[in-house]
Amino acid sequence: MSHSSSADYDTIVVGAGPAGVMAALKAAERGSVLLVESAGLPRDKSCGGMLNEYAQAFLGQFAAVPDHVMLEPKHVNFRYWDWDRGVKKATGLRFLNVDRKLFDDWLLSLLPSNVTVTGSTALTGFTQDEHKVTCTLKNGTIQEVRCNNLVGADGARSQVRRSLGVENVATYVTLQDFVKLDGALEPFFDCIYMRNIGDCYAYSYIVPKDDVAIVGSVYYPKTKRPHEKQDQTMAILREALPQIGETVKREASVALYVRNRRDVVPARGRVLLAGEAGGFMSPTSGEGISYAMNSGLLAGEAIANGSGTSAGALYERSTSPITSNIRRKLIWLPFMESNWGKYLAGYVPTSIVSRVTEGL
Ligand SMILES: Cc1cc2nc3c(=O)[nH]c(=O)nc-3n(C[C@H](O)[C@H](O)[C@H](O)COP(=O)(O)OP(=O)(O)OC[C@H]3O[C@@H](n4cnc5c(N)ncnc54)[C@H](O)[C@@H]3O)c2cc1C
């Protein structure tokens, strides 16, 4: 459906991650879409590349995830590992193991022809009035482009969110070492809790990826000297797991540290926030791809069904189940993060650990 307006595009989406792509895909049902991404495309997002069952089921509506984006072992089950007590609990939670860069690039290939995608283009600011949003884009030169709706899907440090005057959510510090394998690892997505790194440490994870593995760690916001902490964590892991060979690449990034219901902000006027920009991410597991795709799709749907400020109102309503889901998880969080919670997980039967983690 098209409609007359003075806008250059019906919708501008900022950020070519899973939230941005899904928003663009649906908003394109109403009119033209410009999707801008500040990184070069295909983009490189630091990620474990674990697609949970919700993400897999969501994608099933559109297309089967192609083989070329999957890595070996294609499926891994989540295993809880209390490191200090040597307790491992394999759960029934099954993840698809993907190469994140190839996965994101495949998502982009799902977009219809009325979506214009431009890499190396950053949104630097915008203004909105009762008729339109005027965006300032930078791609070598500065350009002003108008639209009826703007979707901020620009991740944890969202410029769109900041420009709305909404404070960004605090962020975990994440480090991922890509290591050579000196021997096979067990085919699990291991999530490791250890106690002797210090209060700044949340958890580590290990997942085999073809002939390398990712050894990632998550540190609480404002952790000082995170690289030193990661060296310390790697040394402990290597001592017990000689299969972990030398690091070939290390990535540092951030992930949302959602702790408050007010961290979730879906819309302001004609501007909709999707994925991490809107605070949509699991506060308990750090899983973000299904939240990003889900909220992105709802943002696009709201625009397809009601342009301008009514899209924002529709989106507030349609995201309320996701917001409630995040709020429920926030209730669990203090227990999960406590030493008690971690201790107990080592004792309760595996079937219960499995059921509890499924809801996370
Ligand atoms: C180390 C790590 C491991 C993770 N592992 C997993 C996992 O295994 N499974 C899982 O489900 N989730 C995982 N997550 C979370 C998941 O990656 C994110 O939640 C998800 O990518 C969020 O999607 P998004 O579309 O909201 O934002 P993003 O994927 O972050 O995309 C935002 C995009 O916006 C662009 N951008 C930013 N500012 C601008 C601007 N001003 N102009 C234009 N473009 C801009 C960025 O370059 C970026 O490409 C992990 C996160 C981290 C950090």
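Both ligands and their constituent atoms are indexed starting at 1 by order of listing. This chain uses plain numbering: 1 for the first residue, then up along the sequence.
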Asks: Tell me the contacting part of Glu276 for ligand 1: side chain, backbone, both, or neither, using a 4.0 Å heavy-atom threshold, strictly below.
Replies: both
Asks: Please work out whether any backbone atom (N, CA, C, O) or any side-chain heavy atom from C-beta onward of Ala153 is under 4.0 Å from ligand 1, and answer side chain, backbone, both or neither.
Replies: backbone
Asks: If we set the cut-off at 4.0 Å for heavy atoms, which region of Glu251 has an atom near ligand 1: side chain, backbone, both, or neither?
Replies: neither
Asks: Of all the heavy atoms in Tyr205, does at least one lie under 4.0 Å from an atom in ligand 1?
Replies: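 In this structure, Tyr205 qualifies as a contact of ligand 1 - some heavy atom is under 4.0 Å.
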Asks: Which atoms form the tightest heavy-atom contact between Tyr291 and Asn325, and what is the distance?
Replies: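 Reported closest heavy-atom pair: OH-OD1, 2.6 Å.
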Asks: Measuring only between side-chain heavy atoms, which start at C-beta, is Asn294 closer than 4.5 Å to Phe280?
Replies: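 In short, these two side chains do not touch, never coming nearer than 4.5 Å.
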Asks: For ligand 1, which atoms sit closer than 4.0 Å to a heavy atom of Gly48?
Replies: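 Per the distance check, 3 (C), 4 (C), 5 (N), 6 (C), 8 (O).
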Asks: Got a salt bridge between Asp105 and Lys101, using NZ or NE/NH1/NH2 to carboxylate O under 4.0 Å?
Replies: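 Result for this pair is no, no salt bridge flagged.
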Asks: Taking CD in Glu72 as the centre, count heavy atoms belonging to other residues, nucleotides or ligands within less than 6.0 Å. Is the count above 12?
Replies: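 Enclosed: over 12 neighbouring heavy atoms sit under 6.0 Å from CD of Glu72.
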Asks: Quick one: closest heavy-atom pair of Arg161 and Val265, and the distance?
Replies: NH2-CG2, 3.9 Å
Asks: What atoms of ligand 1 come closer than 4.0 angstrom to any heavy atom of Gln159?
Replies: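 Atoms satisfying the 4.0 Å criterion: 41 (N).
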Asks: Can a non-hydrogen atom of Val254 be found less than 4.0 Å from any atom of ligand 1?
Replies: yes
Asks: Should Tyr193 and Tyr80 be marked as a ring pair (Phe, Tyr, Trp, His ring centres under 6.0 Å) after you check the CA-CA gap, both sets of side-chain angles, and the distance that decides it?
Replies: CA-CA 8 Å; Tyr193 297 90; Tyr80 170 87; 5.2 Å; yes
Asks: Under 4.5 Å between side-chain heavy atoms, hopping through other hydrophobics if needed: is there a path connecting Met50 to Tyr172?
Replies: yes
Asks: At a 4.0 Å threshold, what atoms of ligand 1 neighbour a non-hydrogen atom of Gln176?
Replies: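 Close to Gln176: 1 (C), 3 (C).
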Asks: With a cut-off of 4.0 Å, which atoms of ligand 1 are near a heavy atom of Ala19?
Replies: 25 (O), 26 (O)
Asks: Can you tell me if Thr323 uses its side chain to pair, donor with acceptor, with the backbone of Pro321 under 3.5 Å?
Replies: no
Asks: With a cut-off of 4.0 Å, which atoms of ligand 1 are near a heavy atom of Ala122?
Replies: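 Matching atoms, with element in brackets: 42 (N), 43 (C).
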Asks: Considering only the protein, which heavy-atom contact is closest to atom 41 (N) of ligand 1, and what is its distance?
Replies: Leu123 O, 3.0 Å
Asks: For ligand 1, is any non-hydrogen atom under 4.0 Å from Thr121's backbone (N, CA, C, O), its side chain (CB onward), both, or neither?
Replies: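 Within the 4.0 Å criterion, Thr121 contacts ligand 1 through backbone atoms alone.
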Asks: Strictly under 4.0 Å, does any heavy atom of Ala277 approach an atom of ligand 1?
Replies: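 No, Ala277 has no heavy atoms under 4.0 Å from ligand 1.
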Asks: So between Gly286, Ala252, Ala255, Ser282, whose heavy atom ends up nearest atom 14 (N) of ligand 1?
Replies: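 Ranked by closest heavy atom to atom 14 (N) of ligand 1, first place is Gly286.
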Asks: Would you mind checking which non-hydrogen protein atom is closest to atom 31 (O) of ligand 1, with the distance to 0.1 Å?
Replies: Arg43 NH1, 2.9 Å
Asks: Consider every N or O of Ala292 and every N or O of ligand 1, then say whether any pair is closer than 3.5 Å.
Replies: no
Asks: Looking just at side-chain N and O atoms, do Arg268 and Ser163 make a donor-acceptor pair shorter than 3.5 Å?
Replies: no
Asks: Which residue holds the protein heavy atom closest to atom 38 (N) of ligand 1, what is that atom called, and what is the gap in Å?
Replies: Asp154 CB, 3.6 Å
Asks: Pick one of side chain, backbone, both or neither for how Ser38 approaches ligand 1, counting any non-hydrogen atom pair under 4.0 Å.
Replies: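 Within the 4.0 Å criterion, Ser38 contacts ligand 1 through backbone and side-chain atoms alike.
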Asks: To check your reading of the model: name the closest protein heavy atom to atom 52 (C) of ligand 1, its residue, and the distance in Å.
Replies: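 Result for atom 52 (C) of ligand 1: Ser46 O, 3.5 Å.
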Asks: Does only the side chain of Arg157 get under 4.0 Å from ligand 1, or the backbone, or both, or neither? Count heavy atoms.
Replies: neither
Asks: How close do Thr223 and Cys200 get, counting heavy atoms only, and between which atoms?
Replies: OG1-CB, 3.3 Å
Asks: Answer yes or no: is there an ion pair linking Asp231 with Arg250, defined by an N-O contact shorter than 4.0 Å?
Replies: yes
Asks: Can we say Asp129 and Lys132 salt-bridge, meaning some charged N sits less than 4.0 Å from an Asp/Glu carboxylate O?
Replies: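 Lys132 and Asp129: salt-bridged.
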Asks: One thing to verify: whether Lys88 and Glu186 come together as a salt bridge, which I'm taking to mean a side-chain N less than 4.0 angstrom from a carboxylate O.
Replies: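 Counted as a salt bridge, because a side-chain N and a carboxylate O are separated by less than 4.0 Å.
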Asks: Is Val14 touching ligand 1 with its side chain, its backbone, both, or neither, if touching means heavy atoms under 4.0 Å apart?
Replies: side chain
Asks: Would you say that Leu96 contacts His75 through its side chain, given a criterion of any heavy-atom pair below 4.5 Å between the two side chains?
Replies: yes
Asks: When you measure from atom 15 (C) of ligand 1 to every protein heavy atom, which one gives the shortest distance, and what is it?
Replies: Met281 CE, 3.6 Å
Asks: Just jot down the ligand 1 atoms closer than 4.0 angstrom to any heavy atom of Gly275, in number order.
Replies: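 Numbered from 1, ligand 1 contributes 26 (O).
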Asks: Starting from atom 30 (O) of ligand 1, locate the nearest protein heavy atom and write down its residue, its atom name and how far away it is, to 0.1 Å.
Replies: Lys45 CE, 3.6 Å
Asks: Considering only protein heavy atoms, which is closest to atom 9 (N) of ligand 1, and at what distance to one decimal place?
Replies: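 Its nearest protein heavy-atom neighbour is Met50 O, 2.9 Å.
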Asks: Counting non-hydrogen protein atoms only, what is the nearest one to atom 27 (O) of ligand 1? Give residue, atom name and distance.
Replies: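 Heavy-atom neighbour on the protein nearest atom 27 (O) of ligand 1: Gly155 CA, 3.8 Å.
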Asks: Any chance the side chains of Glu144 and Thr134 put a donor and an acceptor closer than 3.5 Å?
Replies: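 No donor-acceptor contact under 3.5 Å links the two side chains.
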